[in-house]
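Below are the C-alpha cells for one structure; questions will follow.
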Amino acid sequence: MLAYLALQAEGTGRSRTASLLFPDAADPLGALRWNLSELRRTLDGVTVAGDPLRLVLRPPWRCDALEVVGSAARPGLDPRGFTGQLLEGLSFADCPVFDSWLADQRFRLDNVVQSLLYEAALAALGSGAPGEAAELATLALHRDPFHADCNAVLVKALVALGEHRRARRHVTACGALYRQELGLPLPAEIRRALSDAAPEADPGMPATAATVRSYLDAGGASLWAGAVDRGLDQLRLAVVLAQRIDDSHLIAESLVTLSGALIHQAGGRGAEVADFLHRALQAEGPDGASRTAAAAYRELGYLSVQRGVPDRAAGWLDRAMLAARGFPDEQARILAIQGMLASDTARYGDAVTALTESGKLAKAVRNRRQQAFSEALLGRVRLLRGELEQAADSLDRAQAWIAEEHWTAFEPFVAGVRGETYLAAGQVEKAAALIDRSWVMAELAGDHCYMALAAGAEARLLMVHGDLAAAEHWIDRGLEPTPWYLWYSARLLDTAAEVSIASMSPRAAAFVEQLVELASRSGMREFVVRGQSHRAVLGDEAAAQAVPWLAKEIDNPALVAFLAERNRVGPLRQALPH
C-alpha cells in the first residue's frame, strides 16, 4: 500500500485503491481504512489523508522511490544509492491487478535509475571528472550491457583518462558481445567514441567572438539550405574557436547550437550530443536563467522524451521553462515538447493545453515552423482520441505551413498522420496516397522514426483491405530500422500485435510481450493498456482483469471504443501455434 500511494503523484481515489489492494475482502473500504490506520501508526509523522488519498512525507522521513521519479528536479542526486527492485522479492499472484501494476512500476523505476546513471556519467565527463564518469557508466552497464550510449560514455571516459589500450579493449569486447548475443554489428556511436576528435581550425584564424559568431551564422545558413554536413563542420569549428578564447557563455551557446543541429538535422540522439549539452550547462552555469540554458535543458528533455524516460523528461522541461522566462520563442518550443510528453503518456488534456499555447506563442513571434510542429502534434493527439474532424483541420494547417516553409524533413510525419486520419474516416484512397508518400519521403531521408510511422500506417491500411500477409511484410520493414523515438516503436509493435493476432501468427505473443515491456518502461500508459488487452485476447485472465482498472485513468474515447470491441469479440477461440 505504501508503494502504491507513494507513486501516485496526483493522488488516488479511495475506492480505486481498495479495489486494487483488497479485491477479495468482504469490505474493501473497511480493509483500506484499517491498513491506512496501521500505516500512519507505523510511520509517525507521515500524512495519508483525503479522497483522493495523498501521501505526504515530513522530515525525517524520505522515500527512495519518490526520489528516483523526482530526480530531475533535484540536481546532484547520487544515483549509486539506488539498487535493487521495487518491493524486491515480493509477488502477488492472488492480486493479479496489483501484480500487473507492480510489474509496470518496476520497469519504470529501473529505466529511470539507468537514465540517472547515464546522465550522471555524462555530467561527470563534462565537468572534467572522467574517473567518476567511468565508474558511473560501468554501474549502468552492469544493468544493461547493451546500452550503446553508456558504452560510448565509458569509452570517452577511458580516453580522457589516457587509458587508450583499455578503451580499445572495451570496444573490441563490445563488438564481440553485440555480434554473439544479438547478431548485430557494433553500434557506430561506440566506435566513434574511440576516435572522436575536434576539427582543427586554421592556426591563422583569429579566435575572437566575431569569428565564432561568423561560424555560427554560416553553420545556420548551411543547415537551412540543406547542406547538413557542411553546416555541422562549421558549427564544430565555432566550438573549437570559442574554447580557444575561453568565453564560457560563447562556449555554451556554440555547444547548444551544435547539439540542436545534430539532434534535429542529423538524427543525433546518442552520448555525443548529450555530452555537448552537459558541457554547455557546465559552461553556462547550472542556475542561469538564459536562452542558452533554456535550450540546453529543453534538448535534454527532448532526448529523454524520445528515449522514453518521462520522469526525467518532465524535470528537464520544468527547468527549461524556469530558465526561459522572458523568451517567448523558447517557451513555445518547450511547451511543444511538454505536449509531446503528455501525449506519449496518455495525458491528452494536458497535451492539448500545452500544444495550443505553444502554437499561440509561435504565432506571436512569427515562427511558422514551430507553429507547424505544434499543430501537427495537436493533430496526432486528436487522431489518437478519435476526433477526426479536428485532427484533419490541425494537420491540414500544418501541411500548408510546411509547404510555405519548404520544410520537407518534417513532411513525412504530417503526411503519415494525415493519411491515418483519412483511413480512420474510411477514405481509403486518400489515405493510401498520403501514407505511400510518407514512406517514400521517410525512406529517402533515412529517418528511422518516420519510416516506422509510415510502415505501421501501411500495415493498418492493408488490414482494412484484408491483406494480412502484406501487412506482416510492412511490419517487418518497419522493424528493420531502430527509431530513436520509442513512441514510434511502441505504436508499430501495437500494430504488429493486432496484425499477428488477426492472422493467427505464432509471433503474436512475442510482439505483445515486447510492447508491454517497452510501454511499461517508458510510461506509455495507453500502450500498456493495449498490450494487456492483447494479452487478454491470447488467453491471459490476469491481464483481462487488469485492463479495465488500468484504462479507467485514461481519458480517451477511442480507447474505450477499442476495448468495447475487444470485449464483444472475446478471447481467441483457439490457441495460437507456438
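On a predicted model such as this, the values are computed, not experimentally measured, just so you know.
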Practice task
Consider only side-chain N and O atoms of Glu38 and Thr42, and report whether a donor and an acceptor are under 3.5 Å apart.
Solution key: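 No pair is found: no donor N or O on one side chain lies under 3.5 Å from an acceptor on the other.
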
Exercise for the section: Mind telling me whether Phe98 and Phe92 have parallel, tilted or perpendicular rings, with 30° and 60° as the class edges? Expected result: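 Answer is perpendicular, since the angle exceeds 60°.
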
Practice task
First locate atom CG of Leu125, then atom NE2 of His278, and finally report the distance between them rounded to the nearest 0.5 Å.
Solution key: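 Between Leu125 CG and His278 NE2, I get 10.0 Å after rounding to 0.5 Å.
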
Problem - Residue pair Thr495 / Gly456: nearest heavy atoms and the distance that separates them - result: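 Looking at all heavy atoms of both residues, the closest pair is CG2-O, 3.9 Å.
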
Handout entry: Main-chain N/O of Ala354 paired with Ser358 side-chain donor or acceptor, under 3.5 Å
Key =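 Checked: no pair found.
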
Exercise for the section: State the OG-OH distance between Ser259 and Tyr302, to the nearest 0.5 angstrom. Expected result: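 So the OG of Ser259 and the OH of Tyr302 are separated by 13.5 Å.
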
Practice task
Using only heavy-atom distances, determine whether the side chains of Ser394 and Arg382 contain a donor-acceptor pair under 3.5 Å.
Solution key: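 No pair is found: no donor N or O on one side chain lies under 3.5 Å from an acceptor on the other.
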
Handout entry: Distance-only donor-acceptor check, side chains Asp494 and His534, under 3.5 Å
Key =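 His534 and Asp494 do have a side-chain donor-acceptor pair below 3.5 Å.
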
Handout entry: Side-chain heavy atoms of Leu355 within contact of Leu335, under 4.5 Å
Key =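 SC-SC contact between Leu355 and Leu335 ruled out.
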
Practice task
Report yes or no: do Gln282 and Arg279 form a side-chain donor-acceptor pair below 3.5 Å?
Solution key: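 Distance-only check fails for Gln282 and Arg279.
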
Handout entry: Leu136 vs Pro79 side-chain heavy atoms within contact, under 4.5 Å
Key =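 Yes, at least one pair of side-chain atoms sits under 4.5 Å.
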
Problem - Test item: Arg385 side-chain N/O and Asp555 main-chain N/O as donor-acceptor pair under 3.5 Å - result: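 Confirmed, Arg385 side chain pairs with Asp555 backbone.
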
Practice task
Could you verify whether a donor N or O on one side chain and an acceptor N or O on the other, from Ser533 and Arg566, lie under 3.5 Å apart?
Solution key: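 Indeed, the side chains of Ser533 and Arg566 share at least one donor-acceptor pair under 3.5 Å.
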
Practice task
Evaluate the side-chain proximity of Glu553 to Gln8: yes if any heavy-atom separation is below 4.5 Å, no if none is.
Solution key: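 Side chain of Gln8 against side chain of Glu553, heavy atoms only: contact under 4.5 Å found.
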
Practice task
Would you please classify the geometry between the Tyr450 ring and the Phe413 ring as parallel, tilted or perpendicular, with 30° and 60° separating the classes?
Solution key: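 Answer is tilted, since the angle falls between 30° and 60°.
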
Problem - Shortest non-hydrogen contact from Ala280 toward Val256 - result: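 Heavy atoms of Ala280 and Val256 come nearest at CB-CG2, 3.6 Å.
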
Problem - For Asp344, all residues meeting side chain to side chain donor-acceptor pair (under 3.5 Å), sequence neighbours excluded - result: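 Once residues adjacent in sequence are excluded, the partners of Asp344 under the side chain to side chain donor-acceptor pair (under 3.5 Å) criterion are Arg380, Tyr485.
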
Problem - Any side-chain heavy-atom pair of Leu317 and Arg319 under 4.5 Å - result: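 Leu317 does not reach Arg319 side chain to side chain.
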
Practice task
Side-chain contact test, heavy atoms from C-beta onward, threshold under 4.5 Å: evaluate it for Ser522 versus Leu486 and give yes or no.
Solution key: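 Ser522 vs Leu486: side chains touch.
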
Exercise for the section: To the nearest 0.5 angstrom, please state how far the OH atom of Tyr348 sits from the OG1 atom of Thr353. Expected result: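 Interatomic distance, Tyr348 OH to Thr353 OG1, rounded to 0.5 Å: 14.5 Å.
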
Exercise for the section: Could you pull out the closest heavy-atom pair between Val305 and Ala313, with the gap in Å? Expected result: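 The answer is CG2-CB, 3.6 Å.
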
Exercise for the section: State plainly whether the residues Glu526 and Arg347 are in salt-bridge range, i.e. N to O under 4.0 Å. Expected result: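 Result for this pair is no, no salt bridge flagged.
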
Practice task
Using a 4.5 Å cut-off on heavy atoms from C-beta on, say whether the side chain of Phe327 contacts that of Asp329.
Solution key: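 Yes; the side chains approach each other to less than 4.5 Å.
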
Practice task
Provide the closest heavy-atom pair for Pro96 versus Gln545 in the form atom of the first, atom of the second, distance.
Solution key: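 Minimum heavy-atom contact is CG-OE1, 3.4 Å.
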
Practice task
Return each pair, listed once, that meets salt bridge (Lys or Arg N to Asp or Glu O under 4.0 Å) where at least one residue sits in residues 294-306; pairs must be two or more places apart or across chains.
Solution key: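 Passing the test, one end in residues 294-306: Arg298-Glu330.
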
Handout entry: side-chain hydrogen bond (donor to acceptor under 3.5 Å, both in side chains) contacts touching residues 111-122 (sequence neighbours left out)
Key =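 Every pair satisfying side-chain hydrogen bond (donor to acceptor under 3.5 Å, both in side chains) with a residue in residues 111-122: Asn111-Arg521, Ser115-Glu119, Ser115-Arg307, Glu119-Arg312, Glu119-Trp316.
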
Practice task
May I ask you to test the His249-Thr292 pair for a side-chain heavy-atom distance under 4.5 Å?
Solution key: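 His249 vs Thr292: side chains touch.
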
Handout entry: No-hydrogen, no-angle side-chain donor-acceptor test under 3.5 Å, Ser100 and Gln532
Key =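 A pair is found: one side chain offers a donor N or O, the other an acceptor, under 3.5 Å apart.
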
Handout entry: Closest contact, heavy atoms only, Ala509 versus Leu538
Key =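 Reported closest heavy-atom pair: CA-CD1, 3.9 Å.
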
Practice task
Say whether Tyr4 and Thr12, considering side chains only, have a donor N or O and an acceptor N or O under 3.5 Å apart.
Solution key: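 Distance-only check passes for Tyr4 and Thr12.
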
Practice task
Would you mind reporting whether Leu32 and Met1 have side-chain heavy atoms less than 4.5 Å apart?
Solution key: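 Yes, at least one pair of side-chain atoms sits under 4.5 Å.
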
